[in-house]
Amino acid sequence: MTPRPLRAATPADLPRIYEVRHGTAENRLTNPGLVTDAEVAWYMNHAIFLVSEDEVGIQGFTCVNHQTGYVWALFVIDAAQGRGHGTRLLDAAMARLREAGHRQAFLSTGAGTRAEAFYRARGWQPMGVNLQGEVVLRLRL
């Protein structure tokens, strides 16, 4: 399947975005209360919120805070992993942060996960562990 150009997420995309978020084996959202509607709305209306699609539909998304450089979310549904969706989303978000004047980006993810390996393979460096036990990674832009 051929990825389409990335685009900004819209409110109409939210049902599929939630399917993607819950369609990953790693980093399961066991407490949906941790992600509020207000947070999702803020990212959609004020931050970097991109989706990656193919002929089937949305396969991945990313939400990045353009003010702080924090990558709040990057998810690709398991069935579409390995097709470049995550790399394209991450590269586009980092390009937007660079355009906004950022010199670095950061995120946290589970230690020893495929997600950590994904980021580290793309130059992200470990900075420590947060209070939730996740590894904190930084990328110099």
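Quick note: residue numbers are just sequence positions, from 1.
- When every heavy atom of E116 is checked against every heavy atom of G110, the shortest pair comes out as CB-O, 3.8 Å.
- Here the side chains of W124 and L107 are in contact, with some heavy-atom distance below 4.5 Å.
- The residues R83 and D54 are annotated as salt-bridged, a charged nitrogen and a carboxylate oxygen being separated by less than 4.0 angstrom.
- By the 4.0 Å N-to-carboxylate-O rule, E55 lies too far from R4 to be salt-bridged with it.
- No more than 12 heavy atoms of other residues, nucleotides or ligands shown are found within 6.0 angstrom of CG on D37.
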Q. Hey, mind stepping through T62 and V71 against side chain to side chain contact (heavy atoms under 4.5 Å, CB included) and telling me if it holds?
A. CA-CA 8 Å; T62 191; V71 179; 4.3 Å; yes

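- Ring geometry, Y70 versus F106: the interplanar angle falls from 30° to 60°, so the pair is classed tilted.
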Q | Test log, rule side chain to side chain contact (heavy atoms under 4.5 Å, CB included), inputs F118 and L90 | A | CA-CA 10 Å; F118 170 83; L90 186 63; 3.8 Å; yes

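- Considering every non-hydrogen atom in both G60 and V20, the closest pair reads CA-CG1, 4.1 Å.
- A tilted orientation is assigned to the rings of F61 and F49, their planes being inclined by 30° to 60°.
- Residue pairs meeting the salt bridge (Lys or Arg N to Asp or Glu O under 4.0 Å) criterion with at least one partner in residues 97-114, sequence neighbours excluded, are E26-R114, D78-R114.
- Salt bridge status for R96 with D91: absent, with no side-chain N to carboxylate O gap under 4.0 Å.
- The backbone N or O of N130 sits nowhere less than 3.5 Å from a side-chain atom of E134 that would complete a donor-acceptor pair.
- Of all heavy-atom pairs between A105 and M94, the closest is CB-SD, 3.6 Å.
- The CG atom of L139 lies 9.0 Å from the CD atom of Q104; values are rounded to the nearest 0.5 Å.
- Taking CZ of R7 as the reference point, atom CG of D13 lies at 4.0 Å (rounded to 0.5 Å).
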